[in-house]
Amino acid sequence: MLRNQAISLLRHERIETTIPKAKELRPFVERLITIAKRGIAGGDAKAMTLNARRLVLAEIPDTEVVSKLFAELAPRFADRPGGYTRILRIGFRRGDGAETAQIELVGSEWTPAEEPKEGEDPEAPKKSKGLGERLRQTARRMRGGKDSGSKAQEKGQTRGGRKSTTPRKVGGS
């Protein structure tokens, strides 16, 4: 399972999983990136790269991912002394309540693709919202605030038709 998650993380540069799995995955992937970095930075380029590639292939059998690791990821982290991954806590899983996290490679931050509206200049600098603002906007939308866009809620109508009541005491009527 650890190898499969490492392959997915290196391929997509971001995955969602539970917190304990993410904490186990972090040192495994960081060690692989360090091996690839040392292989590329070695003095005798052919011998060091080949040895490093074989060490990584012993852990990850997917040659496409290993090629991406050596071609794109290791050069990206050449100046960085460590800490190639980041764990962001997302919340709780709906089914069993397990705490979930998003583990991603540093430098692969997600920015939503926003298309320019009519009348806007596509080359104009866009005002990017931070993660906190996007979370607040989503929370307001879920609560039915001003960003929800529902006209029925703006008029004062609520979602459910039932009035919430407190439950009866246990053992009596």
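Nothing fancy with the numbering, it's 1 onward along the sequence. Not measured: the values here are computed from a predicted model.
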Item to check | Partner set under salt bridge (Lys or Arg N to Asp or Glu O under 4.0 Å) for E24, not counting sequence neighbours | outcome: none
Next on the checklist: Pair S67, E72 - check side chain to side chain contact (heavy atoms under 4.5 Å, CB included), show working.
Outcome noted: CA-CA 8 Å; S67 297; E72 297 175 19; over 6 Å; no
Consider only side-chain heavy atoms of I, L, V, M, F, W and Y, link residues closer than 4.5 Å, and tell whether [X] and [Y] are in one cluster.
{"X": "V56", "Y": "L2", "answer": "yes"}
{"X": "I60", "Y": "L25", "answer": "yes"}
{"X": "L57", "Y": "I7", "answer": "yes"}

Straight-line distance of [X] [atom1] to [Y] [atom2], nearest 0.5 Å:
{"X": "E13", "Y": "R76", "atom1": "CD", "atom2": "CZ", "value": "4.5 Å"}
{"X": "L32", "Y": "L55", "atom1": "CG", "atom2": "CG", "value": "10.0 Å"}
{"X": "T18", "Y": "F92", "atom1": "OG1", "atom2": "CZ", "value": "12.5 Å"}
{"X": "I33", "Y": "I35", "atom1": "CD1", "atom2": "CD1", "value": "10.5 Å"}
{"X": "L9", "Y": "I103", "atom1": "CG", "atom2": "CD1", "value": "5.5 Å"}
{"X": "R53", "Y": "L50", "atom1": "CZ", "atom2": "CG", "value": "8.5 Å"}

Might you point out which heavy atoms bring [X] and [Y] nearest each other, and give the distance in Å?
{"X": "A36", "Y": "L69", "answer": "CB-CG, 3.8 Å"}
{"X": "A6", "Y": "V29", "answer": "CB-CG2, 3.9 Å"}
{"X": "G39", "Y": "T49", "answer": "O-OG1, 3.2 Å"}
{"X": "R86", "Y": "R26", "answer": "CA-NH2, 3.7 Å"}
{"X": "K37", "Y": "R80", "answer": "NZ-O, 2.5 Å"}
{"X": "V106", "Y": "G83", "answer": "CG2-O, 3.6 Å"}

Checklist entry - Would you call I15 and Q102 a side-chain contact if the rule is heavy atoms closer than 4.5 Å? => result no
Item to check | E16 and I90, any side-chain heavy atoms less than 4.5 Å apart | outcome: yes
Checklist entry - Between the side chains of T85 and E30, is a donor N or O closer than 3.5 angstrom to an acceptor N or O? => result yes
Next on the checklist: Just to verify, what does Q5 make a side-chain hydrogen bond (donor to acceptor under 3.5 Å, both in side chains) with, not counting sequence neighbours?
Outcome noted: T17
Checklist entry - Can you check side chain to side chain contact (heavy atoms under 4.5 Å, CB included) on I87 and K23, steps first, answer last? => result CA-CA 8 Å; I87 296 176; K23 287 182 178 180; 4.3 Å; yes
Checklist entry - If you draw a 6.0 Å radius around CG in D96, do more than 12 non-hydrogen atoms from other residues or ligands fall strictly inside? => result yes
Next on the checklist: Taking atom CZ as the centre, does R38 end up with more than 12 heavy-atom neighbours from other residues, nucleotides or ligands that are less than 6.0 angstrom away?
Outcome noted: no
Next on the checklist: Any salt bridge linking R140 with E133? Criterion: basic side-chain nitrogen under 4.0 Å from a carboxylate oxygen.
Outcome noted: yes
Item to check | Residues L105, R14; criterion side chain to side chain contact (heavy atoms under 4.5 Å, CB included); working and verdict | outcome: CA-CA 7 Å; L105 296 176; R14 174 181 304 109; over 6 Å; no
Next on the checklist: Run R31 and E59 through side chain to side chain contact (heavy atoms under 4.5 Å, CB included) and show every step you take.
Outcome noted: CA-CA 11 Å; R31 186 173 55 84; E59 296 293 332; 4.0 Å; yes
Checklist entry - Sequence neighbours excluded, which residues qualify as ring pair (Phe, Tyr, Trp, His ring centres under 6.0 Å) partners of Y84? => result F77
Next on the checklist: Pair D62, R11 - check salt bridge (Lys or Arg N to Asp or Glu O under 4.0 Å), show working.
Outcome noted: CA-CA 10 Å; D62 193 345; R11 178 176 288 141; 2.2 Å; yes
